[in-house]
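Working notes, structure below.
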Amino acid sequence: MSDKEYIRNLVKKHKSKMNAVGITRWTIICLSAGLLAALLVELYSFIWPFYYADIVAIVLMVLGAAAGLVIGFMKRKTEREAALDIDSAGFRERIVTAYEGLDKDDAIYEIQRKDAVKAAKAGASKIKVKREGLPKLVCVFTFLFAAVITSFFLPSKTKARAKEIHILNQKIDDKKDDIDDLKDELDKLKDELKDSLTDDEKKKIQDMIDSLEASKQELDKAETQEEYDAAKDKLDFKLDDISEKLDNMANVKEKIDNDPDSAQRMRDAAQEAEKKKEDSTTEQNTGSGQQGGSTDTQQGGGTDTQQGGGTDTQQGGGTDTQQGGGTDTQQGGGTDTQQGGGTDTQQGGGTDTQQGVGTDTQQGGGEGQNPGGEGQNPGGEGQDPGTGQQPGGNGRGEGTANNDHDYVSIPGSQDVDIEGNGSGTGESGYGSTDNGPAWSGNHVNYDEVIGRYEQDAYEGIESGKYPSGMEDVIKDYFGNLLED
């Protein structure tokens with residue numbers, strides 16, 4: 001090997017070693033900085049919920065390593081710098097001078113190269129790349145790396161809470177997306193059918209949109225799983241209600257307005273609302289011979305059937321069938337059928353059938369009906385007048401009247417003086433109609449009255465007025481009234 005090749009190879013090899021050490025040093029420095037930042041992020045996640053702490057920590061480490069590689073590459077040494085570094089081992093600039101004269105063949109340069117080669121071979125053990133501070137950097141890097149890895153797997157309630165929040169936010173976002181999709185569908189429906197929709201139908205659709213927007217805002221406020229579940233239950237109820245209302249509107253369009261195209265479009269929107277509703281487990285109420293939480297105490301002969309929550313105590317013979325909410329007080333035998341909310345007080349034998357919400361007080365024998373025909377489950381007259389009282393259950397039942405009821409009488413629309421006593425004598429404030437007896441007052445369309453009560457019931461559900469689990473009972477009650 002000639003002197004030129006020896007000097008050239010010596011300088012190149014030393015340069016490669018210097019660059020390797022330089023890149024390693026900068027990589028460790030920057031990666032340690034990334035590890036320190038990652039450790040701070042992990043410590044933060046132990047104090048405040050931060051679901052993406054691990055991901056951010058990994059990104060910071062990768063960025064630190066990448067920055068070290070880039071800096072180390074940009075600061076790589078040249079061959080002249082490598083020659084000078086070799087001379088720092090005590091060669092008194094022989095190597096750098098020989099390196100700079102490699103392309104010259106003058107005698108003086110040949111002599112200088114021979115002297116440099118001789119000195120380099122004699123002091124080969126002195127030619128080393130400096131690694132000052134590198135062992136300390138490795139120790140710092142090892143400590144930080146171990147601390148970050150430990151923080152990854154160290155259990156923490158705050159981290160668990162962060163995960164719960166993240167999952168909850170994902171659920172909320174999915175629900176909000178469903179709401180936005182359905183709102184867009186209803187807006188599209190209202191726009192496409194604007195010429196065939198009545199003002200009332202347009203208002204109903206807009207009410208649906210406003211109701212969905214309210215659910216969206218309620219979901220935004222949910223911070224716990226319980227709050228989300230409550231908001232989700234209300235949203236599911238609204239989606240079911242929207243689907244039913246759109247189906248009813250479609251039936252009207254098809255059967256009354258003779259507009260099958262609009263009816264089909266409404267049914268498509270109803271199906272879209274039904275798709276957005278998640279399957280949920282229906283809470284099953286337990287009890288013996290009753291639906292809903294209540295207490296049922298019966299003394300004496302007879303049959304007692306109760307649906308809805310509340311307390312039903314019966315004394316004396318007869319048959320008592322109660323569906324819906326209100327208070328039912330019965331003394332003596334007979335048959336008392338109450339559907340809907342209100343207060344029914346019966347004394348003495350007879351048959352009393354009440355549908356709707358209101359107050360019915362009957363004393364003495366006879367029949368009191370308010371409103372619509374006789375109930376489906378009338379019993380015979382009681383044979384043994386009891387002495388107890390029966391406060392009825394609270395809840396909403398199903399309408400079961402057999403006769404057509406086009407109009408109902410509103411007792412409160414005018415002054416009525418009603419008198420009576422236990423013997424059945426006295427004056428009454430009701431008279432006869434084609435469909436049976438009715439209270440004195442103004443006649444109002446049956447569907448309008450039911451619609452008012454239905455709206456009040458739905459508003460009560462949204463405001464949390466009724467106990468959990470009663471939504472389906474309310475829907476079934478009004479649904480059956482509409483079917484009748």
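Everything numeric here is computed off the predicted structure, so don't read it as measured data.
- With respect to Lys12 and Glu5, no salt bridge is recorded, no charged nitrogen being found less than 4.0 Å from a carboxylate O.
- A distance of 6.5 Å separates CZ of Arg113 from CG of Leu102, quoted to the nearest 0.5 Å.
- Side-chain contact check for Asp247 versus Arg267: some heavy-atom pair is nearer than 4.5 Å.
- Residue-environment remark: NZ (Lys130) exceeds the threshold of 12 foreign heavy atoms within 6.0 Å.
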Go through Lys183 and Glu213 one step at a time and tell me if the salt bridge (Lys or Arg N to Asp or Glu O under 4.0 Å) criterion holds. CA-CA 8 Å; Lys183 285 175 58 181; Glu213 181 61 30; 2.3 Å; yes

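- A side-chain contact (heavy atoms from CB on, under 4.5 Å) with Val96 is found for one member of Val11, Ile7, Asp87, Asp85 and no other, namely Asp87.
- When the shell of 6.0 Å around CD1 of Ile108 is examined, it contains 12 or fewer heavy atoms from other residues, nucleotides or ligands.
- In this structure, Lys175 is not positioned above the aromatic face of Tyr228 in the sense of NZ or CZ being under 6.0 Å from the six-membered ring centre and within 45° of the axis.
- Looking at Leu31 and Phe145, their side chains never come closer than 4.5 Å, going by heavy atoms from C-beta outward.
- A salt bridge does not link Asp259 with Arg265: none of the charged nitrogens is closer than 4.0 Å to a carboxylate oxygen.
- Relative orientation of the Tyr51 and His166 rings is parallel, given thresholds of 30° and 60° on the angle between their planes.
- At distances below 3.5 Å, at least one donor-acceptor pair connects side-chain atoms of Gln112 with backbone N or O atoms of Ala98.
- Remark: Lys245 does not engage Glu201 in a salt bridge, criterion side-chain N to carboxylate O under 4.0 Å.
- Look at Glu218 and Lys221 and you find no salt bridge, because none of the NZ, NE, NH1 or NH2 atoms lies under 4.0 Å from a carboxylate O.
- The pair Asp220-Lys216 fails the salt-bridge criterion, with no side-chain N (NZ, NE, NH1 or NH2) lying under 4.0 Å from an Asp/Glu carboxylate O.
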Could you please spell out the steps behind the salt bridge (Lys or Arg N to Asp or Glu O under 4.0 Å) verdict for Lys232 and Asp236? CA-CA 6 Å; Lys232 173 184 170 296; Asp236 288 344; 2.9 Å; yes

